[in-house]
Novice: 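I am attaching a structure below and will ask some questions about it afterwards.
Letters go in sequence order (proteins before strands), and every chain restarts at 1. Keep in mind that this is a model prediction, so the values were computed, not measured.
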Amino acid sequence: MDKVVRVDNLKVYYERRKGFLSKPQYIKAVDGVTFDIYRGEVLGLVGESGSGKTTIGKALAGIVRPTSGRVIILGKDLYSIRGQEAKKLRTKIQMIFQNPFSSLDPRMRIKDIVTEPLKIAGMKVADLDSRARELIEMVGLSREHLNRFPHQFSGGQRQRIAIARALSTNPELIIADEPTSALDVSIQAQILNLMKELKDKLDLTMLFISHDIGVIRYISDRVLVMYAGKIVESGEKTRLIDEPLHPYTKGLLDAVPVPDPSKRRVNPVVPGEPPDPVNPPSGCRFHPRCPYAKEECKRIEPELKSVDDDRKVACILY
Amino acid sequence: MKIWEMMIESKLFAIGLLILIAITLMAIFADYIAPYDPIAQDFKPKLPPSPKHWLGTDELGRDVFSRLVYGSRITLYVAFVSVSIACLLGIPIGLIAGYYGGKVDKVLNFLIDLMLSFPAIILTILITGMLGPSLTNAMIAISIAFAPRIARIVRGQVLSVKEEDYVVAVKAMGAGGFYTMTKHVFPNSMAPLLVQVTLSLGTAVLVESALAFLGLSAQPPTPSWGDMLNRGRRYIYSAPWMLTAPGIMITLAVLAFNLIGDGLRDLLDPRLRRL
Amino acid sequence: MTHPLLDVRNLKTYFYLRRGVVKAVDGVSFRLNRGEALGIVGESGSGKTMTALSILRLVPYPGKIVGGEIIFKGRDLLKLTEKEMRHIRGKEISLIFQDPQNSLNPVFTVGWQVGEAIELHSEGKPLWDRIIEKVINILRGVGIPRVEDRVNDYPHEFSGGQKQRIMIGMSISNNPDIIIADEPTTALDVTIQAQIIDLLKDLRSRYNSSIILIAHNMGLVSELCDNVAVMYAGRIVEYGSIEEIFNDPLHPYTRMLLRCIPRTDIDVDKLESIPGEPPDPVNPPSGCRFHPRCPYAKEECKRDPIYIENIDGHMAVCELYRR
């Protein structure tokens, strides 16, 4: 299959100084992650806060420079190309943000917002106005909306505008960072349906980041599960969610409350809290919370290994 | 929001604006409003207020009302020109410091802090003292004293605006620093800047008057409120009108800018606008 | 029939804004029995949080409770003086907020803050040592590890989940009759959320407190509650037991709401979505406020008053059931 993205042993550390004189600490937001995104698929990236999922999104969007490792998009190394080549590649990647109330410049009209990526890219478009009309109608709004300002729209409508903006350059990769988590469920459903529809119609390739496994199950084809800066499990979504292998994935899925009183949780909940990203535990990062942890889990850092064709897991149990 | 809507929203803003408009009209139409030549020493000295001389005459026999009307020109001229220059200096510094951060910010912010450690009035006296007393030098001094204030406001605003998702979004589209700053960061940093500029205009009026009072601004016989105040001080018992009239005008002008500034602050506050 | 612990009747809380009047809570009635866990669910702007704050008479400016009765243990809370109300808050009815990051004061130790909550509602003036003893017991009870070493720590030294545990500890410190939890886990991760839910379940069985859980997450309510009130645009549109609401919802809004949740346990091809947007709170639609978005809406739905179906306490405000 055609690879759009190849992420190779990506590490992103943030520097943090506690005091003026103390030596810097490193927050290991992403700590050695390798994965691919294939053309036409939606890759779901799921994890709790601090797992590094948003940082991966930013690294793919070109906003966060990796500490080490490579991000290869359409065969080019995003962080080593320069000039025109870099600009050209950048226009092929677009991002949709979590909070539609802050992702649109309040002082710009909708028509300028949705066509801004074209202007920045310096793309020659014969008729910007007709492109704006085309885009806004594609996301289910109408051309009368083009002359308005963001504050005249609801959260759901604003997210539609953000989607229109992301589609303006006909991108090869869309990074959606929790695009529905600021919305109410009824509006979330509208936006998810829209994204699914557009994905099928335009054959989009997407990295979809979310903490909500229900959303991930609905929209993605494949799923990566992250914990404390590492991928613990990956695979086709239905199999991964129905038969999780990694103890963390199991615990995470168990913890999600299901809107069905006959399916109340019976298993004990995962104890403890995610580790400090400055000093993660040795060995497997989940071992202090893992009900199956053995002595060697503290020593051996498990690699992400294939268990069958499309299923990988980082746990010594397999 | 339209100006008249803002005036309905905030009474104090409306009062401030009306006073400012009155003073501005006075400055523009001084030639028609002032009954006499402000410089000519045509009358008996220290005449008390009368129908002929509404605010009396000064110790050299000049009509106080006419001098007051012409004095508004100097005051507004100095305030607007020097604050504009302060903006021209301060805005780019604030933008660069806030947007680029790191070492650039540390150096610029240190300089801003250094300048701000002097009270504005001391700094301006220092500068005019070095450059020599004149109207131009007074304006230069005020601009230099106010630029760090403007820069600090812009910097603080930029620091918060650049974290907004819409700025990150533009960066993710591959936009350069200049484009992002001018097109997104600066326009969205305007509101507090506008408030600061208005309040600075008020302070500039005060500082200019103080410089004139000390003889460091426009030189006699040019009519200026500060100079009139200084002259009046010497005759406070024999001719109190000489002191009172410019004193009230300075107070009104400063009050006007402060009311407008406070009004703008309330009107532009998004928390209050929601209601 | 025994009296309910809390009986809210026709509660109305309005916000007087420049744009007009927002009827945030517009005629809400429900009962809560001792030991019962009631879920109030709805989307943002449905009035669920304002209902909770109205019970404690903590409605923020420019909101005002303009009508109704809140009968708690035989007394109407709306008729009490502010001083009497202060004895109720925190002692008999306590509140857990959504965001544990902001609800603890950063400049005082955790032990001091929980102790203060106890001291405020104590008879006389107990010795501080005795209070701290009690604080340690409470914090141990809500699952703070190594409590003895940690009572003198400051809030920032605890994680978000632990802060919410401390908040819960504070809210139960005076054995309240009712705990109102306003989205207590929204700011937390899923695994931590599950821990907090377990804690609330455990406390409920230990102290026999009643719980009002305000939530937008239907799964959470299903996990914890006995009964559910579904709110839409300031009104309760359906009320029933957890089984009735989830297995046999009557109101079209409840039905559609349940079907637009992306499920973790089943695959669906297309989510059901509710067309349109929630109404403008200043100018809500007449009659049933859901009618502009309802696929079953009829002419009658636009008129007031709307029909109330009530089968053995399972109540839905909907014209569909008028016979």
Novice: With only heavy atoms counted, which part of C:Leu224 is less than 4.5 Å from chain A, the side chain, the backbone, both or neither?
Specialist: backbone

Novice: Most heavy-atom pairs under 4.5 angstrom with chain A, which of C:Glu277, C:Met218, C:Arg293?
Specialist: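 Between C:Glu277, C:Met218, C:Arg293, the count favours C:Glu277.
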
Novice: Quick one: is the NZ or CZ of C:Arg150 closer than 6.0 Å to the six-membered ring centre of C:Phe158, and within 45° of its axis?
Specialist: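 The answer is yes, since C:Arg150 meets both limits relative to C:Phe158.
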
Novice: Salt bridge check, A:Asp212 against A:Arg217: does any charged N sit closer than 4.0 Å to a carboxylate O?
Specialist: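 No, no charged N to carboxylate O under 4.0 Å.
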
Novice: By a 4.5 Å heavy-atom criterion (distance strictly below it), what part of C:Ile242 contacts chain A: side chain, backbone, both, or neither?
Specialist: both

Novice: Check C:Arg235 with C:Asp26, please: is the shortest side-chain N to carboxylate O separation under 4.0 Å?
Specialist: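 C:Arg235 and C:Asp26: salt-bridged.
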
Novice: Based on non-hydrogen pairs under 4.5 Å, which of C:Asn247, C:Leu188, C:Thr191, C:Ile274 is most in contact with chain A?
Specialist: C:Thr191

Novice: With a 4.5 angstrom heavy-atom cut-off, which part of C:Asp269 approaches chain A: side chain, backbone, both or neither?
Specialist: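 The answer is the backbone of C:Asp269.
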
Novice: Report yes or no: does C:Arg255 contribute a side-chain atom to a donor-acceptor pair with the main-chain N or O of C:Leu250 at less than 3.5 Å?
Specialist: yes

Novice: Do NZ/NE/NH1/NH2 and the carboxylate oxygens of C:Asp265 and A:Lys263 come within less than 4.0 Å?
Specialist: yes

Novice: For the ring pair A:His145 and A:Phe153, is the centre-to-centre distance below 6.0 Å?
Specialist: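 Yes; A:Phe153 has its ring centre under 6.0 Å from that of A:His145.
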
Novice: C:Gln195 versus chain A, heavy atoms under 4.5 Å apart: side chain, backbone, both or neither?
Specialist: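 Both parts, heavy atoms under 4.5 Å.
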
Novice: Regarding C:Asp198 and A:Arg265, does a basic nitrogen lie under 4.0 Å from an acidic carboxylate oxygen?
Specialist: yes

Novice: Mind ranking C:Ala194, C:Ser159, C:Gly45 by heavy-atom pairs under 4.5 Å with chain A and telling me who comes out on top?
Specialist: C:Ala194

Novice: Please classify the contact of A:Gln157 with chain C as side chain, backbone, both or neither, using a heavy-atom distance under 4.5 Å.
Specialist: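 The answer is both parts of A:Gln157.
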
Novice: For the candidates A:Gly272, A:Gly214, A:Pro271, which exhibits the highest count of non-hydrogen atom pairs separated by less than 4.5 Å from chain C?
Specialist: A:Gly214

Novice: Chain A: which of C:Lys270, C:Gln162, C:His216 shares the most heavy-atom pairs with it under 4.5 Å?
Specialist: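 If we count pairs closer than 4.5 Å to chain A, C:Lys270 comes out on top.
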
Novice: Highest number of heavy-atom pairs under 4.5 Å with chain C: which of A:Arg264, A:Glu197, A:Glu273?
Specialist: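 Winner by heavy-atom pair count: A:Arg264.
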
Novice: Can you tell whether the side chains of C:Lys48 and C:Glu43 come within less than 4.0 Å, N to carboxylate O?
Specialist: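 No, this pair does not count.
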
Novice: Atom CG in A:Leu198, atom CE in A:Met206: separation rounded to 0.5 Å?
Specialist: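 Here the rounded value is 8.0 Å.
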
Novice: Between A:Leu252, A:Asp254, A:Asp260, which shows the greatest number of heavy-atom pairs under 4.5 Å with chain C?
Specialist: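 That would be A:Asp260.
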
Novice: So what's closer than 4.5 Å to chain A heavy atoms on C:Pro275: side chain, backbone, both or neither?
Specialist: backbone

Novice: Please flag which part of A:Ile213 lies under 4.5 Å from any non-hydrogen atom of chain C: side chain, backbone, both or neither.
Specialist: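 Both the backbone and the side chain of A:Ile213 come within 4.5 Å of chain C.
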
Novice: Decide, yes or no, whether a salt bridge links A:Asp221 with A:Lys199 under the criterion of side-chain N to carboxylate O below 4.0 Å.
Specialist: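 Yes, this pair counts.
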
Novice: Does any backbone or side-chain atom of C:Ile266 lie under 4.5 Å from a heavy atom of chain A? Answer side chain, backbone, both or neither.
Specialist: backbone

